Protein chains: 2
Amino acid sequence: MSSPKRTTIYDVAREAGVAASTVSRAFSNPRRVNATTREHVLEIAERLGYRPNPLATALQSGRTATIAMLVPDITNPHFFGTIHGAERRASAAGITFILSYTEESADNERSQIERLARSVDGFVLAASRMSDGTTVELAREHNLVLVNREVEGLPSAVVDNGPGSWQIVEHLASLGHRSLVYLSGPHQSWLAGERWRALRAGAEQRGMTAARLGPFPPRVVGGGAAADAALVSGATAVVAHNDLLAIGILRRFAERGVRVPQEISVVGYDDIFGADFCVPALTTLAGPHEEAGRAAVELLLRRGSPSAAETAPRRVTLSSHLVIRDSTGPAPR
Amino acid sequence: MSSPKRTTIYDVAREAGVAASTVSRAFSNPRRVNATTREHVLEIAERLGYRPNPLATALQSGRTATIAMLVPDITNPHFFGTIHGAERRASAAGITFILSYTEESADNERSQIERLARSVDGFVLAASRMSDGTTVELAREHNLVLVNREVEGLPSAVVDNGPGSWQIVEHLASLGHRSLVYLSGPHQSWLAGERWRALRAGAEQRGMTAARLGPFPPRVVGGGAAADAALVSGATAVVAHNDLLAIGILRRFAERGVRVPQEISVVGYDDIFGADFCVPALTTLAGPHEEAGRAAVELLLRRGSPSAAETAPRRVTLSSHLVIRDSTGPAPR
DNA sequence: CTGAAAGCGCTAACAA
DNA sequence: TTGTTAGCGCTTTCAG
């Protein structure tokens with residue numbers, strides 16, 4: 001497997017006729033070394049195929065140059081954008097990126113954080129399922145940044161769902177709908193709460209009735225039960241917690257011969273891959289999730305740097321926008 | 001961020017009235033310690049909130065309890081299954097899982113391996129773009145397992161595409177098609193080569209003509225050019241390098257008013273999310289990709305263990321199967 | 001600007 | 001079974 005002996009700073013030092021500390025400086029603190037010396041050292045290092053051992057660096061300095069991102073569920077395409085943005089940003093900064101799944105479990109999330117604590121400089125928690133209290137407590141010991149979740153006092157990057165949910169209501173109202181039902185996601189989901197609050201407020205303002213049903217698993221399979229529940233509710237418009245659920249709902253409606261949007265309108269969240277080619281194509285709230293991932297990593301990196309530690313904005317909000325496709329139409333009369 | 005001072009084995013040792021090495025053993029080599037002593041140590045450790053520092057362990061022992069998976073492109077849903085399977089397996093073994101993207105670049109792949117080398121026990125390379133030579137060379141220094149790629153002498157887990165591609169040909173032949181065109185993926189893709197070889201051989205056997213066009217980017221956007229090229233070729237059936245490309249092709253055909261499958265049949269590979277609800281639903285070669293990811297990690301873990309180092313199977317092959325949906329039909333006459 | 005020396009927290013001989 | 005003793009490869013005072 002791995003070679004018997006790797007070259008270390010000592011090998012380089014000996015060969016270059018300098019002390020190990022000088023080699024160390026040549027790499028990690030270039031300006032503290034005479035330019036000529038450094039060049040010489042670097043050359044020898046190159047020739048010997050020297051590679052710094054990140055583990056040794058981390059053990060000694062406490063800096064691991066690694067961050068971890070925790071995601072509830074990888075099979076949800078919604079997260080791809082966020083993950084991708086975060087990974088790109090970390091990679092650009094020369095930071096190793098660890099991805100981990102928590103299977104929608106707050107306990108898992110917590111234990112993963114504890115397990116990885118010493119191996120990373122910080123965490124990006126995507127759509128964290130942990131309670132505010134637990135999160136704040138962990139944030140005292142660990143470097144945390146949230147994505148699509150807000151907790152008082154913690155840095156976060158979120159795609160606003162409030163204004164976006166209002167857009168959904170306005171859209172439905174303009175089509176003559178007088179009632180909507182929100183098919184909710186996991187009840188630990190902060191986002192689900194945000195969405196419902198905004199939908200309800202928007203509906204009230206427009207004189208529409210709004211009901212919430214669920215929770216439903218935020219996956220295609222959840223769509224069957226969700227669709228049936230929606231039908232019983234009598235609402236003319238359903239807003240699904242996410243596109244996965246919405247696609248499942250469309251499928252169930254198709255099975256039952258319920259025509260969308262003639263008999264009922266369907267709206268989703270996230271604009272995932274597939275939302276544009278399912279049938280009917282899904283009206284959904286799209287957002288710059290890749291940007292959110294990037295911003296989160298940026299917040300994390302900034303906390304590490306000595307400068308601008310507290311001056312930096314702690315909270316990034318990004319705008320979402322409604323993409324209108326074929327799953328919404330005039331309310332039936 | 002992180003607390004000022006973490007408790008170490010020394011703190012525990014002092015408190016428990018034993019040597020540090022005993023504490024170390026109590027955790028990493030439980031059977032080499034008197035049961036009573038161990039229990040006592042563990043209790044003290046618990047009370048003091050001791051957590052082993054994986055970095056120190058790794059630096060000393062060389063074992064990092066971490067593996068890395070390198071994937072060409074995360075936005076390709078094809079990889080989700082593989083990633084998920086690998087992650088689950090690693091997680092079950094208490095192994096930290098690092099995910100990294102190589103953006104379809106062999107150079108990137110190589111440099112990532114070198115960068116992570118000291119921080120991980122091994123690598124899972126998914127659909128590696130590196131040449132056989134480079135791969136073999138790297139395998140001398142690093143612990144590599146391949147997924148959906150075969151290189152002489154290296155362990156791998158692959159979903160067979162040969163037999164699967166034959167199934168595609170048989171299916172098309174049975175529908176009366178006399179010609180097919182393969183719209184190829186990246187030319188560094190080993191899989192693309194395998195597929196084409198099998199398609200060509202199968203076609204020959206069935207007296208069909210087979211042509212290869214491309215390479216096309218294996219994404220939806222590649223579908224436009226691919227579809228147009230297929231049309232010019234005059235073939236009655238197109239086999240796309242993957243479902244993403246196939247979906248792009250369907251879209252282009254729809255735009256151009258080409259009816260599928262009446263005028264032309266379309267087949268994809270991978271059975272990704274969305275393949276069942278695009279229009280028409282896609283006929284595609286499905287495979288147990290999650291299983292492949294799991295198997296790859298298993299191969300990696302096995303190499304580490306002293307026993308069965310060489311007895312273990314080095315190559316896992318999994319069967320694929322054709323899922324027939326609505327994008328294939330009788331050849332036009 | 002450079003070198004010597006002391007660890008970071010843990011494991012692994014080797015003794016006892 | 002347990003303790004002692006060296007380090008793993010690097011960074012970081014502290015002198016020079």
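A note on names: the letters A, B, ... follow the listed sequences, proteins ahead of strands, and every chain is numbered from 1. What you see is a predicted model, and the numbers here were worked out from it, not measured in a lab.
A close approach under 4.0 Å does occur between a side-chain nitrogen or oxygen of B/Arg63 and OP1 or OP2 of C/dA12. The side chain of B/Thr8 contributes no N or O atom lying less than 4.0 Å from OP1 or OP2 of C/dC8. Between C/dC10 and B/Ser24, no contact under 4.0 Å exists linking OP1 or OP2 to a side-chain N or O. A close approach under 4.0 Å does occur between a side-chain nitrogen or oxygen of B/Thr37 and OP1 or OP2 of D/dT2.
Residues A/His78 and A/Asn148 have side chains in contact (heavy-atom distance under 4.5 Å, counting atoms from C-beta outward). Residues B/Asp73 and B/Glu103 fail the side-chain proximity criterion, which asks for heavy atoms closer than 4.5 Å.
Across C/dG3, C/dC10, D/dC8, the shortest atom-to-atom separation from the side chain of A/Thr22 is found for C/dG3.
Note: CG (A/Leu59) to C1' (C/dT11) measures 12 Å, nearest angstrom. Taking atom CZ of A/Arg6 as the reference point, atom C1' of D/dC10 lies 15 Å away to the nearest angstrom. Distance, A/Asn34 CG to C/dT2 P: 5 Å, rounded to whole Å. To the nearest angstrom, C1' of C/dC10 lies 12 Å from CZ of B/Phe27. Atom CZ in B/Arg118 sits roughly 12 Å away from atom C1' in D/dC10 (whole-Å rounding). A straight line from CD1 of A/Ile9 to C1' of C/dC8 spans 14 Å, rounded to a whole angstrom. Atom CD in A/Glu39 sits about 16 Å away from atom C1' in C/dC1, given to the nearest Å. Atom P of nucleotide C/dG7 and atom CG of B/Asn53 are separated by 18 Å, given to the nearest angstrom.
Using a 4.0 Å heavy-atom distance criterion, B/Tyr50 is classed as a sugar-phosphate-only contact. Residue contacts for A/Ser21: at a heavy-atom cut-off of 4.0 Å it reaches a base atom on one of the strands shown. Nucleic acid contact for B/Arg32: base, since at least one base atom lies under 4.0 Å from a heavy atom of the residue. Nucleic acid contact class of B/Arg38 (heavy atoms, under 4.0 Å, all strands): none. The residue A/Val18 sits close only to the backbone: its heavy atoms come under 4.0 Å of sugar-phosphate atoms, none of a base.
In this structure, B/Val124 and B/Ala296 approach most closely via the heavy-atom pair CG1-CB, 4.0 Å.
Between B/Glu290 and B/Arg89 there is no salt bridge, since none of the side-chain N atoms of the basic residue sits less than 4.0 Å from a carboxylate O of the acidic one.
For B/Tyr10 and C/dC10, a side-chain-to-base donor-acceptor distance below 3.5 Å is present, hydrogens and geometry of angles not being considered. Evaluation of atom-type donor-acceptor distances gives a pair under 3.5 Å for the side chain of B/Arg25 against the base of D/dG3. With hydrogens and angles ignored, no donor-acceptor pair under 3.5 angstrom links the side chain of B/Gln60 to the base of C/dG9.
Checked against the 6.0 Å centroid criterion, the rings of A/Tyr50 and A/Phe27 qualify as a close aromatic pair.
Atom CZ of A/Arg149 and atom OG of A/Ser128 lie 5.0 Å apart (nearest 0.5 Å).
Each of B/Val33 and B/Ser61 was assigned the nucleotide of DNA chain D with the nearest heavy atom; the assignment lying further toward the 5' end belongs to B/Val33.
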